[in-house]
Amino acid sequence: MTSPFDRAMMQRCLTLARRAQGQTAPNPMVGAVIVQEGVIVGEGFHPGAGQPHAEVFALRQAGDRARGATIYVSLEPCNHYGRTPPCSEALIEAQVSNVIIGTIDPNPKVGGGGIARLKDAGIKVSVGVEEADCRRLNEAFFHRITHKRPFGILKYAMTLDGKIASQGGHSAWVTGTPARQRVHQLRGNCDAIIVGGNTVRNDNPHLTCHNHAAKNPLRVVMSRRLDLPPDARLWDVREAPTLVATESGVKPEFQDQLRDRGVEVIAYPQLTPSVVMADLYERGMMTVLWECGGVLAARALSEGMVQKVMAFIAPKLIGGDSAPTPLADLGFTQMTEALPLQHCQWHPIGEDLLLEGYL
Ligand SMILES: Nc1nc(O)c(N)c(N[C@@H]2O[C@H](COP(=O)(O)O)[C@@H](O)[C@H]2O)n1
Ligand SMILES: [Zn+2]
C-alpha cells in the first residue's frame with residue numbers, strides 16, 4: 001500500500017528532477033530522495049548526460065546515513081555501465097534496505113534489470129508510486145527510447161476563428177505576453193525548434209527562450225529552395241546555434257555564405273520531416289518543437305513526427321478568407337477522419353487558453 005508519505009517523497013523526487021528540465025537529453029530527468037527514520041538525509045537529481053545519476057548525488061549527501069535507509073527514485077535504478085557505472089551496485093554497496101521506484105526504465109539496457117539486481121541482493125523493492133506523473137515527466141525520453149525518434153510537439157497560436165496571422169501575413173502578436181512567455185519557457189525545455197522558410201521570411205523570428213530558461217535550443221530551418229533572406233536574425237549564431245536543412249545542390253553559394261556566418265548547413269538527398277527528425281535523433285535530441293506554418297506542420301503530422309499539440313487560443317477574431325491557419329491539407333474529406341487528441345488539458349494563460357493534447 002502506498003502511503004501519503006511515499007507519495008509526497010516521490011513528488012519531491014519529481015520536483016528535484018525538473019531542475020534539469022531541457023538539459024538532460026538523451027537522458028531522462030530523474031530525482032532521488034533518501035529517508036532515514038522519517039527524515040530526509042540525502043537528495044539528488046540527474047543534471048545531464050555524462051554526469052552522475054540522481055541516486056549517486058543522493059547517496060553522496062546521505063553518506064553513512066544511507067545504511068538501512070529507504071531511497072525514493074522516480075525511475076528504476078540503472079544496472080549497466082553507460083557513461084556512468086550502475087546505480088544498482090552503488091545502492092547495494094551503501095546498504096540501503098528499501099528502494100521505492102516511480103516507474104520502470106524503458107531503456108532495453110535497464111528494463112527491469114535494476115530491480116532484479118536489487119532484489120537479488122536482498123533489498124526490498126516496490127514500483128509504481130506516483131507512476132503516471134513519473135511517466136509524464138519523461139514522456140519524451142520514453143518516446144525516444146521506444147520509437148528511436150525525438151518526441152515532436154506542434155505548437156501554434158491562433159485567433160478564436162482559427163487564424164495564425166492576418167490575410168496579409170501579419171502575426172505580431174496573436175496571444176498576450178503571459179502566453180508568449182510560456183512559449184519562451186517551452187523552447188528552453190526543448191532540444192530543437194523547427195520552422196520552414198515562410199516563417200523566416202514572414203516573421204524573422206529569434207526562436208530563443210528570451211532568458212526565460214537556462215539554455216536555447218538548436219534552431220532548425222527546413223527549406224527546399226533556400227529562398228531565404230540574406231540577413232535573417234537566425235543567421236546570428238552568437239545567441240543560439242542554427243541549422244539549415246535543404247536538398248543537395250541547391251544554391252551552393254548561399255550555403256557557403258551561411259556557413260561563413262557559423263550556420264550549419266546540411267543538404268539531404270530529399271528533405272522531409274522524418275529525415276530531419278532521424279538526424280536530430282542521431283544527435284541525441286529528445287524533444288523537438290515544431291513552430292512552423294501550416295504546410296510543414298501538416299507534413300510533420302502526416303509523417304508521424306508530432307506526438308503532442310500545444311495550441312494557444314486568443315479570444316480575438318481576425319477573419320480573412322485566405323488568412324493562414326495552423327494546419328494545411330491532411331487529405332481528409334470526412335469529419336470522421338479527423339485526428340482526435342487525447343488526455344486534453346485546458347489551461348488559462350492571461351487572456352488566452354492553452355490546449356495540450358496527445359495524438
Ligand atoms: N535511475 C536513473 N537515474 C538517473 O539519474 C538516470 N540518468 C538514469 N538513466 C538511465 O541510464 C541511461 C543513461 O546512462 P548513462 O548516463 O549513459 O550512464 C539512460 O538511458 C536511462 O536508462 N536512470
Ligand atoms: Zn544510474
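Side-chain atoms are counted along with the backbone in the values below, which use heavy atoms only and exclude waters and symmetry mates. We count ligands from 1, going down the list as the structure has it; atoms in each ligand are counted the same way. Note that the structure is a prediction, hence the values are computed from the model and not measured.
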A.B. asks: Given the Zn ion (ligand 2) as the apex, I'd like the angle to SG of C87 and SG of C78, rounded to 10 degrees.
C.D. replies: 120°
A.B. asks: Under 3.5 Å, N or O to N or O, is L75 touching ligand 1 that way?
C.D. replies: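 L75 vs ligand 1: N/O contact under 3.5 Å present.
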A.B. asks: Using a 4.0 Å heavy-atom cut-off, say whether F141 meets ligand 1 through its side chain, its backbone, both or neither.
C.D. replies: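 F141 to ligand 1: side-chain contact only, backbone stays beyond 4.0 Å.
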A.B. asks: Do the side chains of Y358 and V309 join up, straight or via other hydrophobic residues, at under 4.5 Å, putting them in one cluster?
C.D. replies: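 Each belongs to a different hydrophobic cluster.
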A.B. asks: Could you tell me whether T84 approaches ligand 1 through its side chain, its backbone, both or neither, with non-hydrogen atoms closer than 4.0 Å?
C.D. replies: both
A.B. asks: Please list the nearest protein heavy atom to atom 3 (N) of ligand 1 with its residue and the distance rounded to 0.1 Å.
C.D. replies: E55 OE1, 2.9 Å
A.B. asks: Are the charged groups of D161 and K163 less than 4.0 angstrom apart, N to O?
C.D. replies: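 Salt bridge flag = no for K163 with D161.
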A.B. asks: Measuring from atom OH of Y72 to atom CG of L16, what distance do you get when rounded to the nearest 0.5 angstrom?
C.D. replies: 14.0 Å
A.B. asks: Does S97 use its side chain to pair, donor to acceptor, with the backbone of G68 at less than 3.5 Å?
C.D. replies: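 Yes; judged by distance alone, with no hydrogens or angles, the pair exists.
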A.B. asks: Show me which atoms of ligand 1 lie under 4.0 Å from any heavy atom of P77.
C.D. replies: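 That gives atoms 1 (N) of ligand 1.
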A.B. asks: Tell me, which protein residue and heavy-atom name are nearest atom 10 (C) of ligand 1, and how many Å apart are they?
C.D. replies: D105 OD2, 3.5 Å
A.B. asks: For K109, does the NZ atom have more than 12 heavy-atom neighbours from other residues, nucleotides or ligands under 6.0 Å away?
C.D. replies: no
A.B. asks: In terms of side-chain geometry, is the basic nitrogen of D256 or R259 positioned less than 4.0 Å from the acidic oxygen of its partner?
C.D. replies: yes
A.B. asks: Please list the nearest protein heavy atom to atom 13 (C) of ligand 1 with its residue and the distance rounded to 0.1 Å.
C.D. replies: N27 OD1, 3.4 Å
A.B. asks: Distance under 4.0 Å to a non-hydrogen atom of E76: what atoms of ligand 1 satisfy this?
C.D. replies: 1 (N), 2 (C)
A.B. asks: With a heavy-atom distance limit of 4.0 Å, tell me whether H80 approaches ligand 1 through its side chain, its backbone, both, or neither.
C.D. replies: side chain
A.B. asks: Do ligand 1 and A54 have nitrogen or oxygen atoms that lie under 3.5 Å from each other?
C.D. replies: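 Indeed, backbone or side chain, A54 has an N or O that close.
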A.B. asks: Can you check whether D133 reaches Q11 side chain to side chain, under 4.5 Å on heavy atoms?
C.D. replies: yes
A.B. asks: Does NZ or CZ of R60 lie under 6.0 Å from the centre of the six-membered ring of F57, at an angle within 45° of the ring axis?
C.D. replies: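 Yes, R60 sits over the ring of F57.
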A.B. asks: To which protein heavy atom is atom 20 (O) of ligand 1 closest, and what is the distance rounded to 0.1 Å?
C.D. replies: N107 ND2, 3.0 Å
A.B. asks: By atom name, which N, O or S atom of H53 is the nearest to the Zn ion (ligand 2)?
C.D. replies: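 So the atom name we want here is ND1.
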A.B. asks: If you draw a 6.0 Å radius around CG in D64, do more than 12 non-hydrogen atoms from other residues or ligands fall strictly inside?
C.D. replies: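 No - once you tally the heavy atoms of other residues, nucleotides and ligands closer than 6.0 Å, there are 12 at most.
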A.B. asks: Heavy atoms only: which of H46, Q51, H53 is nearest to atom 14 (O) of ligand 1?
C.D. replies: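 Minimum heavy-atom distance to atom 14 (O) of ligand 1 goes to H53.
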